[in-house]
Each structure stands twice: as C-alpha cells, then as structure tokens.
Amino acid sequence: MSNFNQQRSRYGTYSTQWDYVQDRFGEKELLPFSISDTDFMIPDGTIDVLDKAISRGFFGYTRWNHLDYKQSISGWFQQEFDCAIDPEWCVYSPSVIYSLSVCIQLLSQKRDKIVTFTPCYDAFFNCIGGNERELVAFSLTNQAEQFTIDFATLEKVFATEKPAIFLLCNPHNPTGRVFTADELTRLISLCNQYKVAIISDEIHMDVRRPEKKHLPILAFADQIEVPVVLLSSASKTFNSPGLGGSYGIFSEEELREKFLSILKGRDGLSSIPYPALLATMDCYNNQKQWVEELNQTVDENFAALKEILDTDPRIQFAIPEATYLGWINIKELPYTMEELQAVLVKQEKVAIMKGETYGAEGKNYLRFNLGAPKEKIIDGAERLMRAIGCLDERSS
C-alpha cells in the first residue's frame with residue numbers, strides 16, 4: 001500500500017502541476033495546489049503489475065475489447081455503487097474529454113445548445129465551443145456554501161432554450177456536490193419531458209466523504225427515456241492520468257456502435273496503451289483498500305484545512321461532499337483576486353487556482369487541491385493565511 005503521509009518529489013517527471021507551474025502562474029518552483037491530480041503514487045500492487053510488464057518488454061498493439069478489461073469496470077460499479085452494468089456496455093476511450101467531444105457530435109448538431117451546472121470544469125467550455133455548440137450555463141444555487149438545484153428555473157431554461165444535451169458532472173467539480181436520488185430523478189424527468197440527452201461525467205465518483213454515496217446515472221436506467229452515456233476513468237482516483245485511458249458506458253447498442261465507429265474508424269484510436277489496460281484492471285480488481293485509505297487521508301486534509309481557514313471569519317468554507325478539491329469563498333476579503341494572487345505567487349511562492357477559471361460564479365473563490373500529504377496541505381493553507389495577513393498589514 002502507498003504511504004499517503006510521505007512527501008515525495010514529483011520534479012523531473014514532466015508534471016503539469018509541478019514542473020510546468022510557470023505556464024499558469026508565471027513563476028517557477030511554486031508549491032502547487034492547482035491541476036486536478038494528486039501527489040500520491042499509484043498503489044504498490046499496481047506498480048508491481050507494471051514492473052512485471054516492463055520487465056517482459058512487450059508493448060505492441062493491445063486490445064481492450066475483452067471481458068478481463070470490461071468486467072473490471074462493471075465489477076467496480078457493482079462493488080462500490082451497487083449498480084449493475086453489463087460489461088458489453090463498457091468501451092475504452094483515450095480520455096473523458098475525448099469521449100465527451102465525440103458524444104456531443106453524436107447527440108447534437110452544430111449550434112445546438114448544451115446545458116450544464118456552473119461553475120464547472122474548465123475543459124467543458126473549450127469542448128463545447130470547439131464543437132460549435134452553445135453552452136447554456138445554469139448556476140447552482142449557493143446557500144451558505146451549500147449548492148443546490150433550482151428545478152423550477154431549470155425547467156424554464158429547458159422550455160425556452162430547447163437544449164439537445166444536459167451535461168452532468170457528478171460528483172460536481174468544483175463545488176463537490178454529490179447529487180441525491182431525488183435530484184437525479186427530477187433531472188431525469190425533465191430530460192425525458194423535453195427530450196434532452198444526458199452525458200454524465202462521473203470521474204470523481206470514488207473520492208467522497210464517509211456518509212456520502214455516489215449514485216451513477218445508469219442506476220436510474222429504467223427511468224431514462226432519452227440517450228444517456230456515463231463517462232469515467234480510474235485515473236482521477238488512482239492518480240494515473242499519465243498512463244492514459246478512460247471509458248464510456250453506453251447502455252444503448254446503437255449509440256455505442258456509433259461511438260466505436262468514430263473511435264476506431266475516423267480517429268484510429270482502438271488500441272489501448274498496455275500500461276493503462278493493466279493499471280485499470282488491477283486498480284478496479286484489487287485496490288479497494290487503497291481507495292479507503294485515500295479517502296481517509298483526504299478527509300483528514302479537509303479537516304486540517306478548515307481548522308486553519310476558520311481562524312479568519314471573512315473566509316467561508318464548507319467541506320465538500322466529494323472530490324479532493326476545496327472551494328474557498330473569499331468574497332468578504334477587501335482585496336481583488338489579482339492583489340491576492342500577486343502576494344501568493346511572488347511572496348509566498350504558492351500556486352492556488354483562481355475560481356473564475358471555472359466560470360463567472362467562481363470569481364470570488366479559490367480552488368485548492370487537497371490530494372497530497374497533510375504536511376503539504378497545512379503548509380499551503382498557512383501560506384494563504386500569511387498572504388491575507390500581509391495584505392491586511394498593507395491596508396492598515
């Protein structure tokens with residue numbers, strides 16, 4: 001098992017978060033809490049599997065379309081979420097955003113509208129715009145840092161905008177909401193009524209607080225009357241995006257075959273990277289305990305972060321229901337985001353994402369990545385508080 005409390009250097013691994021932090025923040029060698037990956041090594045057992053594969057030295061074209069791979073995915077959904085998935089529904093994809101792009105093409109036409117909850121993962125903006133569709137941003141209702149859905153207003157949006165697709169992110173990035181059975185049922189009902197297809201990005205599904213249960217959209221398959229696809233990956237949970245690989249789960253054969261024709265025919269992406277295949281199967285078949293330890297670590301990190309942030313009553317922060325991403329409201333601070341970021345980067349040497357990256361609703365927020373040993377989380381939180389203290393001194 002991995003030691004979640006030991007800090008290890010990621011420098012020299014071509015890490016986007018560490019080696020290339022200057023690209024986003026303009027300075028080198030900052031302590032980063034930015035890109036949504038973690039500072040944890042993949043499970044020891046998975047490393048052993050990959051070590052053996054590397055020792056053998058065979059890396060030819062590799063097939064994903066077999067039960068060993070597909071049953072590892074369906075088995076995980078059954079074990080973790082009590083959700084029955086036919087292995088034949090599972091399809092390899094190089095990334096969730098690639099799958100999203102193809103599904104947008106399959107389920108809508110150019111200039112069609114796509115609704116999603118905002119703030120949202122920033123890649124959604126580029127993916128929707130790049131496919132010449134129009135994003136209809138629907139703001140989640142914020143009540144004391146608890147984010148909910150105004151269904152009456154959402155129905156009006158469906159009726160007036162006539163979207164082709166609803167893009168769901170559950171658990172939600174960046175707010176960390178885990179949507180309830182009632183919320184998902186009501187959302188499905190609206191999509192049925194207004195003939196809106198559903199694409200559900202569930203990549204954050206495994207990292208949740210102890211009392212929260214993730215409900216995959218396909219757990220409601222018997223209620224859904226419109227096209228639906230679930231997109232996910234083991235990479236967010238097990239910190240393996242550098243290995244490549246994700247998957248889509250298509251309950252409808254016709255839609256699945258259309259996706260495969262693009263994956264294999266138009267785009268020539270039918271061969272999965274061998275390390276990604278092995279890692280996905282081992283993680284889903286053998287690493288449940290590792291995920292439990294990961295969640296315990298993240299829970300402790302959130303508690304430590306909140307204890308530090310709560311020393312300043314101007315900062316509003318609620319521990320989210322899921323993800324390892326803290327969504328920190330700094331609206332009551334009498335400083336602009338530019339003023340705060342300047343001190344964070346140039347003086348405190350720390351990189352924390354500004355919330356406006358995820359939409360207009362995030363302009364008064366910071367998104368803080370807690371996927372790291374607690375020592376780093378405390379260090380970063382203390383640097384944030386020192387930066388605020390420095391601005392307080394300047395203004396006094």
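Everything quoted here is computed from the prediction, not taken from an experiment.
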Legend entry - Derivation and outcome, side-chain hydrogen bond (donor to acceptor under 3.5 Å, both in side chains), residues Arg266 and Gln105: CA-CA 13 Å; Arg266 188 191 72 183; Gln105 295 162 31; 2.9 Å; yes
What pair of heavy atoms forms the shortest contact from [X] to [Y], and how long is it?
{"X": "Val345", "Y": "Leu30", "result": "O-CD2, 3.6 Å"}
{"X": "Glu29", "Y": "Tyr11", "result": "CA-OH, 3.7 Å"}
{"X": "Lys212", "Y": "Val178", "result": "CB-CG2, 4.3 Å"}
{"X": "Cys283", "Y": "Thr46", "result": "SG-OG1, 3.6 Å"}
{"X": "Ile198", "Y": "Ile217", "result": "CG2-CG1, 4.3 Å"}

Inset, instruction - Share the residues that join Tyr20 in a hydrophobic cluster, the rule being Ile, Leu, Val, Met, Phe, Trp or Tyr side chains under 4.5 Å apart at the heavy-atom level. - result: Tyr14
Do [X] and [Y] make a side-chain contact, defined as non-hydrogen atoms from C-beta onward lying under 4.5 Å apart?
{"X": "Ile128", "Y": "Leu167", "value": "yes"}
{"X": "Arg208", "Y": "His214", "value": "yes"}
{"X": "Val207", "Y": "Arg209", "value": "yes"}
{"X": "Leu294", "Y": "Phe40", "value": "yes"}
{"X": "Val91", "Y": "Lys70", "value": "no"}

Inset, instruction - Could you tell me whether Phe117 and Phe179 have their ring centroids closer than 6.0 angstrom? - result: yes
Legend entry - Proximity of Trp290 and Phe4 rings by center, below 6.0 Å: yes
Can you list everything that forms a ring pair (Phe, Tyr, Trp, His ring centres under 6.0 Å) with [X]? Sequence neighbours excluded, please.
{"X": "Phe124", "value": "Tyr121"}
{"X": "Trp89", "value": "none"}
{"X": "Phe58", "value": "none"}

Considering only distance and modelled atom types, tabulate donor-acceptor pairs under 3.5 Å from the side chains of residues 362-371, sequence neighbours left out.
from   : atom 1 : to     : atom 2 : distance (Å)
Tyr365 : OH     : Asn142 : ND2    : 2.7
Tyr365 : OH     : Glu145 : OE1    : 2.8
Tyr365 : OH     : Glu145 : OE2    : 3.2
Tyr365 : OH     : Asn329 : ND2    : 3.3
Arg367 : NE     : Tyr358 : OH     : 3.2
Arg367 : NH1    : Asn173 : OD1    : 3.2
Arg367 : NH2    : Ser34  : O      : 3.0
Arg367 : NH2    : Tyr358 : OH     : 3.3
Asn369 : OD1    : Gly371 : N      : 2.7
Asn369 : ND2    : Ile35  : O      : 2.7
Asn369 : ND2    : Asp37  : O      : 2.7

Inset, instruction - Run the salt-bridge test on Asp39 and Arg8 with the 4.0 Å N-O cut-off and return the result as yes or no. - result: no
Give a yes or no on whether [X] atom [atom1] has more than 12 heavy-atom contacts from other residues, nucleotides or ligands under 6.0 Å away.
{"X": "Glu307", "atom1": "CD", "value": "no"}
{"X": "Arg63", "atom1": "CZ", "value": "no"}
{"X": "Lys288", "atom1": "NZ", "value": "yes"}
{"X": "Glu211", "atom1": "CD", "value": "yes"}
{"X": "Glu375", "atom1": "CD", "value": "no"}
{"X": "Lys156", "atom1": "NZ", "value": "no"}

Legend entry - Pairs meeting criterion side chain to side chain donor-acceptor pair (under 3.5 Å) with involvement of residues 160-170, two or more places apart: Lys113-Glu161
Legend entry - Lys346 charged N/C atom sitting above Phe25 aromatic ring, 6.0 Å / 45°: no
Inset, instruction - Look at the aromatic rings of Phe158 and Phe166 and report parallel, tilted or perpendicular, splitting at 30° and 60°. - result: tilted
